[in-house]
Novice: 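After the structure tokens below, expect a handful of questions from me.
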Protein chains: 2
Amino acid sequence: MMYIEIDFSSDEAIYQQLCNQIIQGIAMSQLTDGMTLPSVRQMADEIGINMHTVNKAYSILKQEGFVKVDRRKGAVISVKSDKEEALNSVRKDMRSVLAEARCRNLTAEDLHRMVDEIYDAFDAYDKAVESAGSE
Amino acid sequence: MMYIEIDFSSDEAIYQQLCNQIIQGIAMSQLTDGMTLPSVRQMADEIGINMHTVNKAYSILKQEGFVKVDRRKGAVISVKSDKEEALNSVRKDMRSVLAEARCRNLTAEDLHRMVDEIYDAFDAYDKAVESAGSE
DNA sequence: CACCTGTTATATAAATCATATAACAGGTGC
DNA sequence: GCACCTGTTATATGATTTATATAACAGGTG
């Protein structure tokens, strides 16, 4: 079970928003290895979009190594974690973010702090879910 | 003077590539406050694209606070650096990058190291330019 | 007044995004 | 075998975005 919220007035494509929210769900341990995502049709119904839009998102997640797609079970969370690959993939995006950060005079320390805050926020979510397990 | 290289077979929009390269140019001090970018027509000619595509890029850079556009001089580098605004703007993008990083089991330390490496690379470029000033 | 700026308007072709309808391959449970 | 559920593929259509082209306007410079 996972809340997905699509902003239809966003300039970000729907399939892209869907990908991002699922990745964030994995980051927050809301989605863990072995869990299955709703089928493309079910997910499409739930959030009120087309099946093919969901399929596109799932295909990308598969290609990027976040899920494995099994014809009978559907999309199963399975994160590929080759450290070298991961570093290279992340570095590319990080470079763009840091370019802007540096233009705006943020220091490496500012960014270390930001990284820690965001990572802590991910962990905080884990704990909240664990301790509210009975609800 | 600044080399711009557009990958026409990229899935990234041309105006977006142009924005990114200019922002990276500022980050590397290749472009500094007060410098003027080539006029929209001149830049378009140089890299072989349409004037309006350049204009779109410049307009975005203006809106995001990287340049100020003067009708007579053109687009002048002028980076807005309100720290609070900068932190909030960067945080949003950073969150997406870190979500992927965490899924792939990268630690906060891994990312601190990456931040430092990228920042050092920006600085290294500054120095290279300074010491080769006579060429 | 020619010449350079950015800016705006309009039109057009191509690509992307989202949708819709339909069908197929394959596994599950009755 | 037969419904029923998966993902997957094909095809078509409309809306939006991207990139281009041509043209004109406002304003500052020499």
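Computed from heavy atoms alone, side chains included, the values below leave out hydrogens, waters and symmetry copies. Lettering of chains follows the sequences in order, A, B, ..., and the numbering in each one begins at 1. This structure is a prediction, so every number in the text was calculated from the model and none was measured.
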Novice: Of the nucleotides D/dT20, D/dG7, C/dA18, which has the atom closest to the A/I14 side chain?
Specialist: C/dA18
Novice: Given atom NZ of B/K73 and atom C1' of C/dT5, what is their separation to the nearest angstrom?
Specialist: 12 Å
Novice: With respect to the side chain of B/S39, which nucleotide from D/dA19, D/dT9, C/dG6 is positioned closest?
Specialist: C/dG6
Novice: Specify the separation, in whole Å, of atom CD of B/Q63 and atom P of C/dG6.
Specialist: 18 Å
Novice: Using modelled atom types and a 3.5 Å cut-off, is there a donor and acceptor pairing between side-chain atoms of B/R104 and backbone atoms of A/K80?
Specialist: yes
Novice: Could you tell me the separation between the CD1 atom of A/I49 and the C1' atom of C/dC17, rounded to a whole number of Å?
Specialist: 12 Å
Novice: Distance check needed: D/dT20 P versus B/K56 NZ, whole Å only.
Specialist: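 Roughly 11 Å, once rounded to whole Å.
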Novice: Kindly point out which of D/dT8, D/dA19, C/dC17 is positioned nearest to the side chain of A/Y15?
Specialist: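 Within the option list, the nearest is C/dC17.
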Novice: Side chain of B/V69, heavy atoms from C-beta onward: which of C/dT19, C/dG6, D/dA23 has the nearest atom to it?
Specialist: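 Selected nucleotide: C/dG6.
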Novice: Counting side-chain heavy atoms from C-beta on, which of D/dT29, D/dT9, D/dG7 comes nearest to B/R72?
Specialist: D/dT29
Novice: Nearest of D/dT22, C/dC17, C/dT7 to any side-chain atom of B/H52?
Specialist: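 Side chain of B/H52 sits closest to D/dT22.
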Novice: When the distance from CG of A/D11 to P of D/dT17 is rounded to whole Å, what number comes out?
Specialist: 9 Å
Novice: For A/T107 and A/D110, test the side chains for any donor-to-acceptor distance below 3.5 angstrom and give the result as yes or no.
Specialist: yes
Novice: The side chain of A/R41 is closest to which nucleotide in this list: D/dT29, C/dT7, D/dT8?
Specialist: D/dT8
Novice: Does the B/S89 side chain pair with the main chain of B/E85, one donor and one acceptor, at a distance under 3.5 Å?
Specialist: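 Looks like no, no N/O pair under 3.5 Å.
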Novice: Which nucleotide sits closest to the side chain of A/A13: D/dT8, C/dG6, C/dA18?
Specialist: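 The answer is C/dA18.
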